[in-house]
Structures are given as C-alpha cells and as structure tokens.
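The structure appears right after this line, and notes come after that.
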Amino acid sequence: MTAGSSAQDGIPQDAAEPVPGAGRADSGADTHFGFRTVPLGDKQRMVDEVFHSVARRYDVMNDLMSMGLHRVWKDLLVSRIRPPKNDRPFRLLDVAGGTGDVSFRTVEAGGAGTRAVVADINGGMLGVGRERAASLGHADKVEFVEANAEELPFPDKSFDATSIAFGIRNVPRMDKALSEMRRVLKPGGHCFVLEFSRVDVPGLDAIYDTYSFKAIPPMGRLVTGDSESYQYLVESIRRFPAPELFAQMMREAGLKRVGWTPLTGGIVCLHSGARI
C-alpha cells in the first residue's frame with residue numbers, strides 16, 4: 001500500500017505495487033490471493049472460506065481494526081449516495097454488502113421511498129445481515145440476495161445507485177464487477193466504491209504498515225479464532241491498485257465523471273462514477 005514498505009517490515013517489496021492487469025478478465029489464468037499467486041478459478045472459493053470463517057464476528061472486528069473509523073467512512077459514503085428525504089422511490093444496490101451496514105445507513109438516511117438490496121456471494125454473511133435487519137426493524141426495506149458480483153441477477157437500469165464498500169478487492173475479476181454495477185444503474189445514477197488505498201502522509205505509512213501486519217492478524221486470532229483470514233485481508237489491501245489505476249478501470253467499465261476522494265490520510269479512498 002505504501003512506497004515506504006520494505007522486506008524488513010515483513011512485507012515483500014513488490015507487494016506495495018499492484019500487478020498490471022490485476023482484477024481484469026483478460027489477465028490470464030492466475031490471480032492473487034493476498035501475496036500468493038493462485039489459479040483464477042480458485043480465488044472465489046478461497047475468499048468465501050475467509051468470510052464464512054469470520055462472519056459472526058465480522059462487525060466487531062471492523063470496529064476494532066479501524067478503531068471505529070469504518071463507521072465514519074461509511075457515513076461519508078451514504079452522504080454521497082444521497083437518498084431522498086421524501087417518499088420518492090429510490091433503490092440502492094450494495095454489492096458485497098454482507099451484513100448490511102451500508103444498506104441500513106442508507107434506508108435510515110432516506111425517506112419512506114428508500115429501499116436497498118444487499119447482494120453478496122457469501123450465505124453466511126447474508127444470514128447475519130438478515131438477523132440484523134430484523135433486529136433493527138429494516139426487514140421490509142432491505143432485501144438480501146445471494147449473488148456473484150461478476151454476474152448480478154438484476155435487470156439493466158434498475159437501481160438509482162450502486163455501491164461496494166471494502167469488497168471490490170475480493171472479487172476475482174474487478175472489471176466485470178464494475179461493468180455489472182454500471183449495467184444495473186439507471187441513466188444519471190452513480191456507482192460508489194469505498195476501498196482501502198495508499199497512505200500519503202509521511203510517517204503514517206510506516207505506522208500503518210506495522211499496525212496492519214503486526215497487530216491485525218493476532219487481533220483476528222483473539223476475537224475470531226482465525227488469524228490467517230485477517231492476514232489475507234491485510235495482504236489484499238496491499239495488492240489493490242493505486243487510485244489512478246482504479247479510476248481507469250472504472251472508465252473502462254463505461255462509467256463517466258470518474259473521481260476519487262482520499263480519506264484519513266489516504267488509508268481509504270471513496271471512488272465514484274456515473275452512468276450517463
């Protein structure tokens with residue numbers, strides 16, 4: 001994630017740079033699972049195993065890992081989604097939305113006409129999300145659908161906004177997911193991607209790397225009994241393309257007016273594009 005990473009930090013030197021073509025359907029037979037090279041067809045299964053393992057404690061770990069900042073980042077995402085405050089119909093598709101965090105925030109921020117659909121390939125995460133929806137009183141406003149981000153089972157031009165928060169880097173073919181998110185958007189709708197990025201504050205980069213690799217996997221072992229899944233999640237952040245490269249992927253998917261906003265010193269970026 002940062003140019004200052006080094007092998008002495010326990011981070012391979014080439015891991016800080018994305019692999020050309022990573023996440024693209026034509027990038028060959030192999031892809032990356034963290035720092036490992038794996039067959040493209042195996043990645044989805046391996047990612048599924050990660051999230052099945054941590055589903056029950058996923059939200060608790062999000063709070064611990066980010067020191068609560070993920071809530072601020074998601075609130076900023078929802079402020080950009082801008083669901084209407086009145087009863088005008090508005091539909092959000094939250095891809096890889098798992099336990100429903102972004103969707104719940106969206107229906108709470110919007111008026112009576114706001115609805116959300118959570119699409120996720122992992123049934124365990126969706127099960128936790130449905131339980132949360134019932135407990136929060138959102139079962140009639142938030143729908144949960146088991147679906148692959150690369151082949152969304154929704155008609156063209158059927159959503160006012162699409163989003164994916166901290167999930168795009170886990171999709172084997174990111175370009176296909178972006179194309180699908182654009183396909184289901186209504187003209188004038190916006191696609192939002194909230195994802196970890198590259199720290200751009202001198203000094204913070206080294207602190208962040210040390211925290212990520214030395215603290216998060218042991219924390220995962222303590223809270224969920226699984227350190228390997230969190231080792232993968234940390235490594236997958238370092239493999240994610242730089243903002244400029246990801247913006248180009250969004251453009252190639254057919255999105256217009258593409259841009260991004262760095263948050264918290266570049267730890268996270270909020271990317272956006274529109275269907276014109």
Begin from the C-alpha positions of Arg238 and Ser212 and carry the test side chain to side chain contact (heavy atoms under 4.5 Å, CB included) through to its verdict. CA-CA 10 Å; Arg238 301 312 190 274; Ser212 296; 3.2 Å; yes

Scan the side chains in residues 83-90 for donor-acceptor partners under 3.5 Å anywhere in the protein, sequence neighbours excluded, and list what turns up.
| from | atom 1 | to | atom 2 | distance (Å) |
| --- | --- | --- | --- | --- |
| Lys85 | NZ | Ala109 | O | 2.9 |
| Asn86 | OD1 | Arg88 | N | 3.0 |

For residues 257-274, which side-chain donor-acceptor pairs fall under 3.5 Å, sequence neighbours excluded?
| from | atom 1 | to | atom 2 | distance (Å) |
| --- | --- | --- | --- | --- |
| Thr264 | OG1 | Trp73 | NE1 | 2.8 |
| Ser272 | OG | Arg80 | NH2 | 3.2 |

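The two residues Cys191 and Met181 come nearest to each other via the heavy atoms SG-CE, 3.7 Å. Taking every heavy atom of both residues into account, Ile237 and Ser197 meet most closely at CG2-O, 4.5 Å. Considering every non-hydrogen atom in both Ala149 and Val171, the closest pair reads CB-CG2, 4.1 Å. The two residues Glu146 and Gly123 have their closest heavy-atom pair at OE1-CA, 4.1 Å. Val193 and Leu178 make their closest contact through CG2-CD2, 4.1 Å (heavy atoms, listed as atom of the first residue, atom of the second, distance). Of all the heavy atoms in Ala215 and Pro218, the pair that sits closest is O-CD, 3.3 Å.
Residues that satisfy the side chain to side chain donor-acceptor pair (under 3.5 Å) test with Arg275, not counting sequence neighbours, are absent from this structure. Under the rule for a side chain to side chain donor-acceptor pair (under 3.5 Å), the partners of Ser163 that lie at least two apart in sequence or sit in another chain are Asp94. Arg91 is linked by a side-chain contact (heavy atoms from CB on, under 4.5 Å) to Val117, Ser158, Phe159, Asp160, counting only residues two or more places apart in sequence or in another chain. Not counting sequence neighbours, Asp200 has no partner by the side chain to side chain donor-acceptor pair (under 3.5 Å) test. Every side chain to side chain donor-acceptor pair (under 3.5 Å) that Glu108 has, sequence neighbours left out, goes to His138. For Arg183, the salt bridge (Lys or Arg N to Asp or Glu O under 4.0 Å) partners are Asp156, Glu180, not counting sequence neighbours.
A salt bridge does not link Lys214 to Asp209: none of the charged nitrogens lies less than 4.0 Å from a carboxylate oxygen.
Taken from CZ in Phe240 to CG in Asn170, the straight-line distance is 10.0 Å, to the nearest 0.5 Å. Of the inter-residue distances, the one linking Leu69 atom CG with Asp75 atom CG reads 11.5 Å to the nearest 0.5 angstrom. Here NE2 of His70 is found 8.5 Å from CZ of Phe166. Values are rounded to the nearest 0.5 Å. In this structure, the separation between CD1 on Ile164 and CG on Leu77 is 11.0 Å, given to the nearest 0.5 Å. Interatomic distance, Arg105 CZ to Arg71 CZ, rounded to the nearest 0.5 Å: 6.0 Å. Atom CD of residue Glu235 and atom CZ of residue Arg169 lie 11.5 Å apart, to the nearest 0.5 angstrom.
Surrounding CD of Glu244 are more than 12 heavy atoms belonging to other residues, nucleotides or ligands, all under 6.0 Å away.
Hydrophobic clustering (side-chain heavy atoms under 4.5 Å, transitive across Ile, Leu, Val, Met, Phe, Trp, Tyr) groups Val201 together with Val72. Placement of Val145 and Leu152 within a single hydrophobic cluster is found when ILVMFWY residues are connected by side-chain heavy-atom separations under 4.5 Å, directly or transitively. A continuous path of hydrophobic side-chain contacts links Val234 to Met67 [ILVMFWY only; heavy atoms under 4.5 Å].
With Ser135 contributing its side chain and Arg132 its backbone, the two residues share a donor-acceptor pair below 3.5 Å.
Contact check for Met174 versus Pro241: side-chain heavy atoms found under the 4.5 Å cut-off. With contacts defined as side-chain heavy-atom distances shorter than 4.5 Å, the pair Thr162/Leu92 does not qualify.
Residue Leu136 shares its hydrophobic cluster (ILVMFWY side chains chained together at separations under 4.5 Å) with Phe104, Val107, Val118, Leu126, Val142, Phe144.
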